2 protein chains.
Amino acid sequence: MKWVFDMGSSTKQDILNAAELLFAEHGFGDTSLRAITTKAEVNLAAVNYHFGSKKQLIQEVLKRYLDVMMPEVDKQVAAMLAKNPQPGMPQVFGTLITPLLLLNKVRPAGTSIFVRLLGRGYSETQGHLRKYIMFHWGEVLKRFVDAVHLAAPDLPPSELFWRLHFAIGTFVFTMASSKALCEISAADYDQPVDVAGIINRLIPYISAGTAAPVAASVTTITSTPTLDIA
Amino acid sequence: MKWVFDMGSSTKQDILNAAELLFAEHGFGDTSLRAITTKAEVNLAAVNYHFGSKKQLIQEVLKRYLDVMMPEVDKQVAAMLAKNPQPGMPQVFGTLITPLLLLNKVRPAGTSIFVRLLGRGYSETQGHLRKYIMFHWGEVLKRFVDAVHLAAPDLPPSELFWRLHFAIGTFVFTMASSKALCEISAADYDQPVDVAGIINRLIPYISAGTAAPVAASVTTITSTPTLDIA
DNA sequence: ACCCATTTCATACATACGTTTGAATTTATA
DNA sequence: TATAAATTCAAACGTATGTATGAAATGGGT
């Protein structure tokens, strides 16, 4: 029977919910289907029955979040540009805050889970995730990049390319290790920090980095490097 | 027989040389001992004979570079501070350039290999690498962090903590994907960029990001009210 | 030439993985 | 209730992995 409001089998949701937690915690490669099905309390074969393969399960885990976040990014960028046609870098990157925090409505702690998944995906899937996002959300991303360019009109396109990938790196890596960082911060500085706190601290860093003036000249090696192997 | 200059068996070096390439390319978890021994043209059992286990092999691969790089970092930081007791952020991060490029003398393309290993290690070893480096090179790192603090005296320690981890993230992630980024850059912008080029582009970004003014909203949220008046 | 420690080698072991299978069970519809 | 589709389940399959073993080979020291 097909429900009018098809919420899918509970099994399928249980698998997704268990999988995303384990994926975020241990990465895709180091999370076995057996660990997932055990945590979800479903049969091992259910994954291949409902998703076909582990690879497709990973895709659907990420898709659940991207489908919510990316349209919101588009909306926020448009709204920001309507209000301020010549935005500063913090305004541009600030458009990401709402979409990211919106993910907490997809699942409890959804923002934290998604950004960690993103970090894992970028470093583990050897470019597959990058291509997937580019293919499905390339238009949205292009409009975002255009906004970045608007905030740094003097930056050559090739330099902007590198800056944006630096920004992605900062964001993705920080988020991938966000759990550990929050624990260290809480222990060493006695100040609990949540994902929203990290995002708010990231914006100034990324904004300043991306908008930094281009280095006047290539740094040269001043002292002669020495290598003495006993 | 023990050589006066013990260069170890050729087998051991062959394994290290093959392993670091495969580790950098596919990561630690996705590189099998069989792939390594095949590439090195040695017997499978040689890894466990010479290194004990895969984990120890990974450690020795990284150690070979850390043992060269970290003392040079110490030297460069000291030299920089001697020349300029109140350094700017680019000067501080600039001290990393020489140590990084020095790794090209350890092995051909050593810099590129090491930074990719570092990226892999940070995201795959669930904090083990971080702890290893902290344990063995904590003193050197502390002196470097002190220099960063010198370049941003107004930054609260807790904020500096986050900024530095952002910087690590920028660096490590960029380097982990440096191969792909170089290929994209060469294809889209017709300008070949090598690892030294990336490092030189990273310095301004990381410097500006780390030294960025603290966001107003963050300050109000996280600053602890105190009765002390300094 | 002999010896002994070091190193190599083929092979086996135990385990873990993603996936498949076919029967049992549940569920929806007629 | 009868029937057919959808789902669950235990079990197995084939493959790959890291590691262990014990015999063969190597090579310098006496």
Side-chain angles (χ1 to χ4, degrees), chain A residues 1-62 117 120-121 124-126 128-129, chain B residues 1-62 117 120-121 124-126 128-129:
Chain A
M1 188 241 212
K2 286 288 170 208
W3 292 91
V4 178
F5 305 102
D6 188 354
M7 58 186 65
S9 67
S10 154
T11 301
K12 197 167 179 178
Q13 299 299 321
D14 291 345
I15 292 173
L16 283 172
N17 296 343
E20 66 176 15
L21 289 177
L22 292 171
F23 284 154
E25 186 85 359
H26 307 107
F28 300 111
D30 289 343
T31 299
S32 68
L33 294 187
R34 284 169 175 83
I36 294 170
T37 53
T38 298
K39 186 182 183 74
E41 296 180 296
V42 301
N43 188 272
L44 168 62
V47 170
N48 285 280
Y49 176 77
H50 285 285
F51 298 94
S53 68
K54 184 181 181 180
K55 193 169 290 185
Q56 288 173 263
L57 169 62
I58 296 174
Q59 272 201 19
E60 293 223 28
V61 164
L62 287 163
L117 289 174
R120 299 288 189 180
E124 282 187 42
T125 62
Q126 63 209 49
H128 282 43
L129 176 60
Chain B
M1 188 243 212
K2 286 287 173 207
W3 293 91
V4 178
F5 305 102
D6 188 354
M7 58 186 65
S9 65
S10 154
T11 302
K12 197 167 179 178
Q13 299 299 322
D14 291 345
I15 292 173
L16 284 172
N17 296 344
E20 65 176 17
L21 288 177
L22 292 172
F23 284 153
E25 186 85 357
H26 306 108
F28 300 111
D30 288 343
T31 299
S32 68
L33 294 187
R34 283 167 176 83
I36 294 170
T37 53
T38 299
K39 186 182 183 76
E41 295 180 297
V42 301
N43 188 272
L44 167 62
V47 170
N48 285 280
Y49 175 77
H50 285 285
F51 298 93
S53 68
K54 182 181 182 179
K55 194 169 289 185
Q56 288 174 265
L57 170 62
I58 295 175
Q59 272 201 19
E60 292 222 28
V61 164
L62 287 162
L117 289 174
R120 300 286 189 180
E124 282 187 40
T125 63
Q126 64 209 47
H128 281 43
L129 176 59

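In the text below, chain A, chain B and the rest are named by the order of the sequence lines, each starting its count at 1. Owing to the predicted nature of the structure, the values given are computational and were not obtained by experimental measurement. What's counted below: heavy atoms across the whole structure, side chains too, no hydrogens, waters or symmetry copies.
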Quick one: [X] [atom1] to [N] [atom2], roughly how many Å, whole number?
X: A/I15; N: C/dG18; atom1: CD1; atom2: C1'; answer: 14 Å
X: A/N48; N: D/dA10; atom1: CG; atom2: P; answer: 16 Å
X: A/F51; N: D/dA6; atom1: CZ; atom2: C1'; answer: 16 Å
X: A/Y49; N: C/dT25; atom1: OH; atom2: P; answer: 17 Å
X: B/K12; N: C/dT8; atom1: NZ; atom2: P; answer: 11 Å
X: B/K54; N: D/dT19; atom1: NZ; atom2: P; answer: 8 Å

Worksheet item: Are any of B/H50's side-chain N or O atoms less than 4.0 Å away from OP1 or OP2 of C/dT8?
Response: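 True: B/H50 side-chain N/O within range (under 4.0 Å) of C/dT8 OP1/OP2.
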Fill in: Distance test, side-chain N/O of A/T11 to OP1/OP2 of D/dT8, below 4.0 Å
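Checking A/T11 against D/dT8: at least one side-chain N or O falls below 4.0 Å of OP1 or OP2.
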Report yes if the side chains of [X] and [Y] come closer than 4.5 Å at any heavy-atom pair, otherwise no.
X: B/V47; Y: B/K54; result: no
X: B/N48; Y: B/L33; result: yes
X: B/F51; Y: B/K12; result: yes

Fill in: Nucleic acid contacts of residues 20-47 of chain A, taken as heavy-atom distances under 4.0 Å to DNA chain D
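Going residue by residue through residues 20-47 of chain A, the ones with a heavy atom under 4.0 Å of DNA chain D turn out to be A/R34, A/N43, A/A45.
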Discussion item. Test your reading of the model: is there a side-chain donor-acceptor pair from A/E60 to the backbone of A/L16, 3.5 Å cut-off?
Written reply: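 It does not hold such a pair.
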Practice prompt. Give a yes or no on whether the backbone of A/E25 and the side-chain of A/R120 come within a donor-acceptor separation of less than 3.5 Å.
Written response: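 Checked: pair present.
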Worksheet entry | Residues forming a ring pair (Phe, Tyr, Trp, His ring centres under 6.0 Å) with A/F28, sequence neighbours excluded |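 Once residues adjacent in sequence are excluded, the partners of A/F28 under the ring pair (Phe, Tyr, Trp, His ring centres under 6.0 Å) criterion are A/F23.
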